[in-house]
Amino acid sequence: MAAFEVWLAAICTPLLSLIIWMRIKGLEYILINYRWILSCFVLMPLTVLYNVVFFVRNWIIFKLNSAPKLHDRRVADIQKQVKQWKEDGCKQPMCTSRPGWQTISPRVGLYKKTMRNIHVNLVDILEVDTKRRVMRVEPLVSMGQITAMLNPLGWTLPVLPELDDLTVGGLIMGVGIETSSHKYGLFQHTCLSYELVLADGSLVKCSKDENPDLFYTAPWSYGTLGLLVAAEIQIIPAKKYVKVDYRPAHTFEDAINTFKEEVNKKADNEFVEGLMYSDKECVIMTANQKECVIMTANQTDHADSNKINAIGNYWKPWFFKHAETCLKRGAFTEYIPLRHYYHRHTRSIFWELQDIIPFGNNPIFRYLFGWMVPPKVSLLKLTQTETIRRLYEEKQVIQDMLVPMSELGKALKCFDKELDLYPLWLCPFFLPSQPGLVHPPNNQDEMYVDIGAYGTPHREGFHFKDTTRRVEEFVRSVHGFQMLYADSYMTREEFRQMFDHSLYDKLREEFKCKKAFPEIYDKICKAARL
């Protein structure tokens with residue numbers, strides 16, 4: 001009994017002390033300065049529970065093949081809601097009822113509070129057709145669901161963005177990119193067709209051959225032409241491993257030249273990625289075809305067991321930290337399991353998790369708690385206080401800017417001058433000359449690069465609005481584009497200068513969208529977001 005009392009005291013004393021300390025300091029103080037407490041002891045366990053339940057639910061539905069029947073019923077219900085909106089007098093524009101905190105965007109939309117919310121609960125994989133090399137999915141299907149389903153079958157997507165919680169609908173109506181995009185383009189360019197419910201409640205399918213104007217203009221439109229209810233996406237054969245070559249660069253010029261050189265090897269490199277760790281140091285990662293008996297392509301079913309690195313295992317170092325070792329150890333090669341490669345940045349949410357759990361990459365933490373990492377972004381947003389939200393807005397940058405490859409050097413200097421924020425993510429992509437909101441100038445195909453900036457800038461004099469506006473101005477000046485999941489401070493005129501609205505305006509008129517849906521700008525501008 002005495003031993004039990006000692007053990008109980010040992011457990012209860014620090015717990016009681018923690019509760020008293022929280023009462024004294026106040027909950028908001030804890031959430032701001034010790035957010036890791038909430039993340040580790042509440043959000044991470046909830047994330048695990050959610051993932052298990054959702055995985056089992058999806059597996060059962062797919063095995064029973066009930067998703068297509070449920071899909072038709074759910075789409076009919078969406079059509080009914082839209083027609084009811086018309087009967088009620090079209091008093092408010094429509095948007096989906098999905099809560100803003102459930103999206104991957106760092107901000108929560110205010111506009112949903114003033115619009116007619118349409119319930120769109122479409123979360124299933126509908127069909128995998130290996131003969132046609134196509135999969136049909138609902139818009140809320142995530143990248144994690146897709147890799148869990150396709151990879152064991154020996155298939156994958158040509159462009160599969162890395163974060164688990166990114167959804168098909170967000171990647172089409174917004175934008176999606178991956179390190180294979182220099183070959184295949186953006187996520188939208190791998191899609192074969194979309195199905196949308198329009199403002200009159202009708203269901204329309206569009207492709208390159210059927211309703212092509214809608215097919216080319218739906219991407220980046222943020223649900224302002226219709227409600228996406230399904231999409232057909234190309235699938236390609238997958239193998240077990242990706243052979244990744246890491247190459248360091250120690251000068252600005254070497255980083256730019258090496259990156260461009262590897263991107264231009266389109267026939268040889270299936271994946272190309274760069275991580276800028278300072279204005280001079282960069283690690284360029286490629287997956288290359290090699291003249292080696294164990295290699296049949298950049299993906300392979302065979303690998304040297306001494307070089308296999310299952311980087312997605314919870315006890316492994318965060319990927320961006322692992323890649324950084326290349327700067328000291330020099331160039332090296334390893335084999336990464338395909339699904340681990342696709343989601344290599346998921347566990348650390350690129351490098352943002354280090355601001356929430358500063359010790360998250362510590363080996364002890366990884367071995368004990370790494371299996372619960374990361375907490376879902378939606379739960380992190382749900383538990384944001386007003387003070388945290390304001391601090392994130394004023395002190396942090398989460399932006400992706402898409403600029404022509406020819407302007408990469410100028411763009412990186414602009415980012416360094418305005419932000420002094422590292423690492424920076426470099427992801428090349430091919431932008432074909434096609435109709436729609438986003439296309440290269442002069443109607444010529446062009447290679448672009450996504451520069452991703454995530455974290456706290458160190459540049460003296462940084463101001464969240466003024467600095468972002470200067471970066472936006474530079475991007476417009478080189479015919480670039482801003483990913484619209486993040487804060488945009490452009491005026492309506494500047495926004496229309498960046499994005500070609502000619503076909504979009506025509507379709508808005510043709511489909512009578514003025515009363516039904518807001519314009520893109522009214523959904524993504526800073527005034528429309530928390």
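The figures that follow rest on heavy atoms only: side chains count, while hydrogens, waters and symmetry mates do not. Sequence positions, counted from 1, serve as the residue numbers for this chain.
- Atom CD of E494 is separated from atom CZ of R469 by 4.0 Å, given to the nearest 0.5 angstrom.
- Note: H345 and F319 meet the aromatic proximity criterion, with ring centroids under 6.0 Å apart.
- Of the N and O atoms on the side chains of Y246 and E334, at least one donor lies less than 3.5 Å from an acceptor on the other residue.
- Although no hydrogens or angles enter the test, the distance criterion places a donor-acceptor pair under 3.5 Å between the side chain of K523 and the main chain of Y222.
- Under the 3.5 Å distance criterion, with hydrogens and angles disregarded, a donor-acceptor pair is assigned to the side chains of D200 and S202.
- For T217 (side chain) and L214 (main-chain N/O), no donor-acceptor pair under 3.5 Å exists by modelled atom type.
- Taking the centre of each ring, Y341 and F271 come in below the 6.0 Å mark.
- For CD of E473, the number of neighbouring non-hydrogen atoms (other residues, nucleotides, ligands) closer than 6.0 Å is 12 at most.
- A donor-acceptor pair under 3.5 Å is formed between the side chain of H343 and the backbone N or O of E162.
- For the residue pair T179 and E273, no side-chain donor N or O sits within less than 3.5 Å of a side-chain acceptor on the partner.
- Counting only N and O atoms by type, the side chains of Y422 and D279 include no donor and acceptor under 3.5 Å apart.
- Looking only at side-chain heavy atoms (C-beta outward), Y184 and F430 stay at 4.5 Å or farther from each other.
- Using modelled atom types, one side-chain atom of R459 and one backbone atom of D416 make a donor-acceptor pair closer than 3.5 Å.
- Using modelled atom types and a 3.5 Å distance limit, the side chains of K112 and T96 yield a donor-acceptor pair.
- A distance-only check finds no donor-acceptor pair linking the side chain of R116 to the backbone of V82 [under 3.5 Å].
- A donor and an acceptor atom, one from each side chain of H71 and E138, are located under 3.5 Å apart.
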Point to revise | Residues K376, D164; criterion salt bridge (Lys or Arg N to Asp or Glu O under 4.0 Å); working and verdict | key: CA-CA 10 Å; K376 291 187 76 68; D164 281 14; over 6 Å; no

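- Atom NZ of K260 sits in a crowded spot, with more than 12 heavy atoms from other residues, nucleotides or ligands closer than 6.0 Å.
- Remark: the T147 side chain and the N151 side chain contain no N/O donor-acceptor pair separated by less than 3.5 Å.
- Checking D77 against Q81 by side-chain atom types alone, a donor-acceptor pair falls below 3.5 Å.
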Exercise for review: Could you give me the CA-CA distance, side-chain angles and deciding distance for L412 and L424, then say whether side-chain contact (heavy atoms from CB on, under 4.5 Å) is met?
Suggested key: CA-CA 9 Å; L412 289 176; L424 292 174; 4.0 Å; yes

Review point. Should E253 and K280 be marked as a salt bridge (Lys or Arg N to Asp or Glu O under 4.0 Å) after you check the CA-CA gap, both sets of side-chain angles, and the distance that decides it?
Key: CA-CA 8 Å; E253 292 74 18; K280 296 181 178 63; over 6 Å; no

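- Using cut-offs of 30° and 60° for the angle between ring planes, the Y504 and H501 rings count as perpendicular.
- For the side chain to side chain donor-acceptor pair (under 3.5 Å) test, residues two or more places apart in sequence or in another chain that qualify with W220 are Q188.
- Of the N and O atoms on the side chains of D466 and Y489, not one donor lies less than 3.5 Å from an acceptor on the other residue.
- A donor-acceptor contact shorter than 3.5 Å is absent between the side chain of D420 and the backbone of E418.
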**Study point:** Check against salt bridge (Lys or Arg N to Asp or Glu O under 4.0 Å), E232 and R133
**Key:** CA-CA 10 Å; E232 284 189 322; R133 295 193 171 195; over 6 Å; no

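- At least one side-chain heavy atom of V128 sits less than 4.5 Å from a side-chain heavy atom of I125.
- Side-chain atoms of T468 and Q399 form no donor-acceptor pair, as typed in the model, at a separation below 3.5 Å.
- Remark: the backbone N or O of F464 is not paired with any side-chain donor or acceptor of T467 at under 3.5 angstrom.
- The ring of F350 has its center no closer than 6.0 angstrom to the ring center of F320.
- In this structure, a donor-acceptor pair under 3.5 Å is present between the side chains of D245 and T333.
- Cation-pi geometry between R339 and Y342 is not met: the NZ or CZ atom fails to fall both under 6.0 Å from the ring centre and inside 45° of the normal.
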